[in-house]
Amino acid sequence: MEAYTEAYASAAVKAAQCLVDHDAIPEGELRKATWLKGKKIIPNIDFTNWFNQHDRVKYKGHILSDLIEQARDAGETWKCPL
């Protein structure tokens, strides 16, 4: 995984928010997520740990780390592909 940078962290939030918005992450996995308030991601250390542990997981045909890289590379123009 890429070194932790502000751009990568911001992209991780965007990518994960995309997955949350499209119900791509199993509900059971989110049930105890301290980083989720309603359906909005509030990044904290648990979120960082979650995306580090799930970076190679495929959700609705998209690998999380690939989504993060796409979001980082596209910046503000990135659109959720789901």
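Just so you know, residue 1 is the first one in the sequence shown, and it goes up from there.
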>> Could you walk me through whether Gln70 and His62 satisfy the side-chain hydrogen bond (donor to acceptor under 3.5 Å, both in side chains) test, starting with their C-alpha distance in whole Å, then the side-chain angles of each, then the deciding distance to 0.1 Å, before giving a yes or no?
In response: CA-CA 11 Å; Gln70 292 165 15; His62 299 273; 5.5 Å; no
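- For Asp21 and Gln17, the side-chain atoms include at least one donor-acceptor pair closer than 3.5 Å.
- With hydrogens and angles disregarded, no donor-acceptor distance shorter than 3.5 Å links the side chain of Ser10 to the backbone of Ala7.
- Within the 4.5 Å cutoff, the side chain of Val57 has no heavy atoms near those of the Ile63 side chain.
- Listed by chain and residue number, Glu27 satisfy the salt bridge (Lys or Arg N to Asp or Glu O under 4.0 Å) test with Arg31 (two or more places apart in sequence, or in another chain).
- A salt bridge links Lys39 with Asp23; the closest basic N to acidic carboxylate O contact falls under 4.0 Å.
- Closest heavy-atom contact between Ala16 and Trp50: CB-CZ3, 4.0 Å.
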> Can His22 and Cys18 be said to form a side chain to side chain contact (heavy atoms under 4.5 Å, CB included), step by step?
Replying inline: CA-CA 6 Å; His22 294 276; Cys18 166; 4.3 Å; yes
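- Between the OH atom of Tyr59 and the CD1 atom of Ile25 there is a distance of 5.5 Å, given to the nearest 0.5 Å.
- Cluster annotation: Leu30 is connected to Leu82 through the hydrophobic network of ILVMFWY side chains, with a link wherever side-chain heavy atoms come within less than 4.5 Å.
- Remark: the backbone N or O of Gly75 is paired with a side-chain donor or acceptor of Lys14 at under 3.5 angstrom.
- One distance of note links CZ of Phe47 with OG1 of Thr34; it measures 11.0 Å at 0.5 Å rounding.
- In this structure, CZ on Arg56 lies 15.5 Å from CD on Gln53, to the nearest 0.5 angstrom.
- Looking at every heavy atom in both residues, Trp35 comes nearest to Asp46 through CD1-C, 3.6 Å.
- Counting only heavy atoms from C-beta outward, the side chains of Ile68 and Asp55 never approach each other to under 4.5 Å.
- In this structure the side chain of Val13 reaches within 4.5 angstrom of the side chain of Ile41, judged on heavy atoms.
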